[in-house]
Structures are given as structure tokens and as C-alpha cells.
Number of protein chains: 2
Amino acid sequence: MKYSKATNYALHTMLFLVAYAPDKPVGVQQLAERQNVSPTYLSKILTKLVKAGLVESASGANGGYRLRRRKEEISFLDIIHAIEGTASLFDCTLNHSSECLIQQEMVKAEGQMEEYLRNKMMSELAGKLTESH
Amino acid sequence: MKYSKATNYALHTMLFLVAYAPDKPVGVQQLAERQNVSPTYLSKILTKLVKAGLVESASGANGGYRLRRRKEEISFLDIIHAIEGTASLFDCTLNHSSECLIQQEMVKAEGQMEEYLRNKMMSELAGKLTESH
DNA sequence: TATATTATAGATAAATAAAGTCTTTGATTA
DNA sequence: TAATCAAAGACTTTATTTATCTATAATATA
Ligand code: SF4
Ligand code: SF4
């Protein structure tokens with residue numbers, strides 16, 4: 001079980017937008033170069049972020065992506081859910097009713113992680129950023 | 001990102017051993033039937049549990065698997081780590097030093113989940129088990 | 001000792017998921 | 001109109017997970 005690389009790309013992209021982006025949109029080209037990932041692949045990730053309402057896009061010349069919310073209102077969990085989806089990490093195919101003891105505990109455990117991520121906002125990292133990161 | 005089915009099998013196997021197993025070992029055949037999984041596949045999972053010190057095995061007639069610790073001393077996390085390994089869920093290949101802000105937060109978040117799983121013991125579930133589960 | 005029983009290990013195959021590419025379309029600006 | 005940029009779909013490649021098959025080793029008991 002691993003977080004996908006797509007999630008890594010998404011987090012870095014968001015962090016960049018939060019930390020450095022001015023008002024004008026940033027193109028996928030520029031975002032991709034910073035991360036050594038192909039623009040076409042990153043664009044699919046960005047489209048997910050758009051659909052999740054985290055960023056907005058503009059086509060055409062001078063287009064690109066920009067944040068749609070204030071950095072105080074964007075959590076790690078928002079970004080992760082946009083990429084990984086919101087399904088439980090532990091989903092037993094045989095659904096032995098809601099009383100399933102194992103699943104209950106696994107979901108609670110996951111909830112602990114999510115709570116941390118829900119409360120960790122982009123704004124908290126933006127200030128601490130150094131050049132190389 | 002999903003927990004593997006192997007982890008599911010491992011949790012069910014351990015729960016069964018905790019709840020029903022007498023002193024004599026249980027064969028992989030029997031364990032596999034309950035879960036509709038092939039004995040050979042389950043046996044590799046069990047071997048991991050053996051190597052993690054959670055169960056012990058005995059070859060030969062009347063052999064099989066039995067718990068190696070008291071149920072109060074077996075945590076969800078023990079079992080999950082035995083199967084999934086202990087590496088971080090978020091591992092950026094480019095290791096930008098230990099000061100990496102993103103990784104730091106992701107590891108902390110994961111730590112919250114692990115803490116819950118570390119404190120959740122098999123003994124807590126054993127009593128609540130119903131027939132069908 | 002011989003035989004049946006059971007776990008361990010390794011190679012391999014099949015299935016699934018993730019990562020990445022290519023190409024077309026559509027929107028926007030200058 | 002021409003250049004620029006995002007969105008979408010089909011597709012390929014790679015990696016991981018799941019599962020099977022076979023051979024070997026250990027043990028009990030008849
Ligand atoms: S007990 Fe829960 S996890 Fe196990 S098979 Fe039933 S529903 Fe699935
Ligand atoms: S900032 Fe952290 S997560 Fe990002 S590339 Fe550097 S080490 Fe990896």
C-alpha cells in the first residue's frame with residue numbers, strides 16, 4: 001500500500017501554486033518542468049484538481065491554472081481525496097453487514113489519519129518553504 | 001491506495017486463531033476454506049506472520065499454525081506491518097533532506113493511523129465475535 | 001523404517017492497477 | 001486568423017498484486 005506518485009505531484013503542484021503563484025494563471029508546462037514529469041500526464045492530475053474545485057483553469061493564450069480558494073482553506077486531505085478518491089482504504093468485498101468488526105476498526109484508524117490531514121492546511125507550509133523545496 | 005487482500009486474509013486468520021483456536025495447531029487447509037482462498041496462497045501469508053513472530057508453525061502430521069503470543073499482545077498494527085511492511089506510505093524518491101515539509105506532514109498523518117492500530121488489540125475483538133463473522 | 005501429512009520456498013503465470021504517451025478537440029486571446 | 005493552452009479518450013508500458021504449480025524439508029505415527 002502506497003500513496004500514488006500522482007498524489008505526490010498534486011501536493012507539489014498545489015504547494016507551488018500556494019507559495020509562488022501570482023494572480024495570473026500558471027501553465028502546465030511550467031508546473032511539469034519543476035517536477036520532471038510530462039506535461040500531458042500532469043494535466044490529467046490537474047484536471048482532477050479542477051473537478052474537485054481546488055484550482056480553476058483557463059484555456060487559450062495566457063491561460064493556465066490558479067488557485068480557487070485561499071490557502072487557509074485548502075487541506076492536505078482535499079488534495080489527496082481529489083486524486084486517490086474517498087473510498088475506504090480497507091474494503092472487504094464480502095460486506096458482512098455494518099457490524100463487521102474488522103472493517104469498523106480499520107475505518108476508525110483511517111479516520112485518525114484523515115483528521116490530521118483535514119486540519120493540515122497549505123497555508124501552514126507556504127511560509128516555511130525554502131528555495132530548493 | 002488500498003490495503004491488499006493479503007492483509008485482509010491475515011487479519012481474518014489471526015482473528016480466527018484468537019477466537020476459536022484451541023491449543024492444537026490449525027492447518028492451512030482449514031484456514032483457507034473459511035476464507036475461500038487457495039491454501040497455497042494463504043500459506044505464504046502465514047509464513048510472513050510466522051517470520052514476524054506472531055504465529056508459530058509445526059510441520060508434519062497434526063501440524064499447522066498456532067498463536068505465539070497472548071491475544072492481549074497482538075495488535076492490528078503487528079499484523080498489518082507483517083504483511084505490508086513498515087515503509088512509509090508516502091515515500092518521495094527525491095529525498096530532499098529530512099527537512100522536507102510535505103513528507104514530514106504525511107509521515108505524521110500516517111503516524112496517527114498507526115497509533116490507533118498499535119493500540120487496538122486482537123483481544124478486544126475476540127469477545128465480540130458472532131458466528132457468521 | 002516407510003508412509004502420510006504438513007509447512008516452506010521458488011519459479012512462474014494471470015490479473016489488476018498505476019504511470020505515462022499520443023492525438024484530437026475545444027476554448028481563448030491577440 | 002494564428003498561436004496558445006486545457007480537456008478528453010484511446011492506447012501502451014510498467015509495476016504490483018494475486019494466484020498457481022512444483023519441489024523440498026520436517027514431523028508424526030503406523
Ligand atoms: S468480517 Fe468484515 S472484513 Fe471479514 S469478511 Fe466479513 S465483512 Fe469482510
Ligand atoms: S519537497 Fe519533499 S516530497 Fe517534495 S521532492 Fe523534495 S523530498 Fe520529495
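Lettering follows sequence order; numbering is per chain, from 1.
- The interatomic distance linking A:K48 (NZ) with D:dA6 (C1') rounds to 17 Å, in whole Å.
- Comparing atom distances between the A:A61 side chain and each of C:dG26, D:dT27, D:dT4 picks out D:dT4 as nearest.
- The phosphate of D:dT18 has OP1 or OP2 within less than 4.0 Å of a side-chain N or O from B:S4.
- Straight-line distance from the OH atom of A:Y65 to the C1' atom of D:dT4: 13 Å, rounded to whole Å.
- Here A:K2 does not reach the OP1 or OP2 of D:dT17: none of its side-chain N or O atoms lies under 4.0 Å away.
- A donor-acceptor pair is defined here as one N or O able to donate and one able to accept, closer than 3.5 Å; no such pair exists between the side chain of A:Q29 and the backbone of A:P39.
- Remark: P of C:dA17 and NZ of A:K5 are 20 Å apart, rounded to the nearest angstrom.
- Nearest nucleotide to the B:T47 side chain, out of D:dA26, C:dT8, C:dT23: C:dT8.
- Checked against C:dT21, C:dA7, D:dA7, the side chain of A:V50 finds its nearest nucleotide in D:dA7.
- Using a distance-only test at 3.5 Å, with no hydrogens or angles considered, no donor-acceptor pair links the side chain of A:E114 to the main chain of A:L77.
- Nearest to the side-chain atoms of B:K44 among the listed nucleotides C:dA18, C:dT8, C:dA11 stands C:dA11.
- Side-chain polar atoms of A:Y116 and B:E110 form no donor-acceptor pair below 3.5 angstrom.
- Here the P atom of nucleotide C:dA18 and the CG atom of A:L42 are 18 Å apart, to the nearest Å.
- Side-chain N/O atoms of A:S38 include one lying less than 4.0 angstrom from OP1 or OP2 on C:dT21.
- Distance from the side chain of A:Y9 is smallest for C:dG20 among the nucleotides C:dA19, C:dA30, C:dG20.
- Whole-Å rounding puts the B:Y3 OH to D:dT17 P distance at 14 Å.
- A donor-acceptor pair is defined here as one N or O able to donate and one able to accept, closer than 3.5 Å; no such pair exists between the side chain of B:S88 and the backbone of B:D91.
- The shortest distance between side-chain heavy atoms of A:I80 and B:M106 falls below 4.5 Å.
- Protein atom OH of A:Y41 is 16 Å distant from nucleotide atom P of D:dA7, rounded to whole Å.
- In this structure, the CG atom of A:N36 is 11 Å from the P atom of C:dG20, given to the nearest Å.
- For the pair B:Q29 and A:V37, both in contact range of DNA chain C, the more 5′-proximal nearest nucleotide belongs to B:Q29.
- Both A:G63 and A:M1 lie close to DNA chain D; mapped to their nearest nucleotides by heavy-atom distance, the more 5′-ward contact belongs to A:G63.
- Taking every side-chain heavy atom of B:N62 into account, D:dA28 is the closest of D:dC21, C:dT8, D:dA28.
- Close to D:dA7, at under 4.0 Å from its OP1 or OP2, lies a side-chain N or O of A:S57.
- Of the candidates D:dA6, C:dA7, C:dT29, C:dA7 carries the atom nearest the B:V28 side chain, counting heavy atoms from C-beta on.
- Contacts of B:S43 with the nucleic acid, taken as non-hydrogen atoms under 4.0 Å apart, include base atoms.
- With respect to A:E73, the salt bridge (charged side-chain N to carboxylate O under 4.0 Å, His left out) criterion is satisfied by exactly one of A:K71, A:R70, A:R69: A:R70.
- Distances were taken from every side-chain heavy atom of B:K51 (C-beta onward) to each of C:dA30, C:dA9, D:dC5; the shortest belongs to C:dA9.
- Counting to the nearest Å, the P atom of C:dT5 and the NZ atom of B:K24 are 15 Å from each other.
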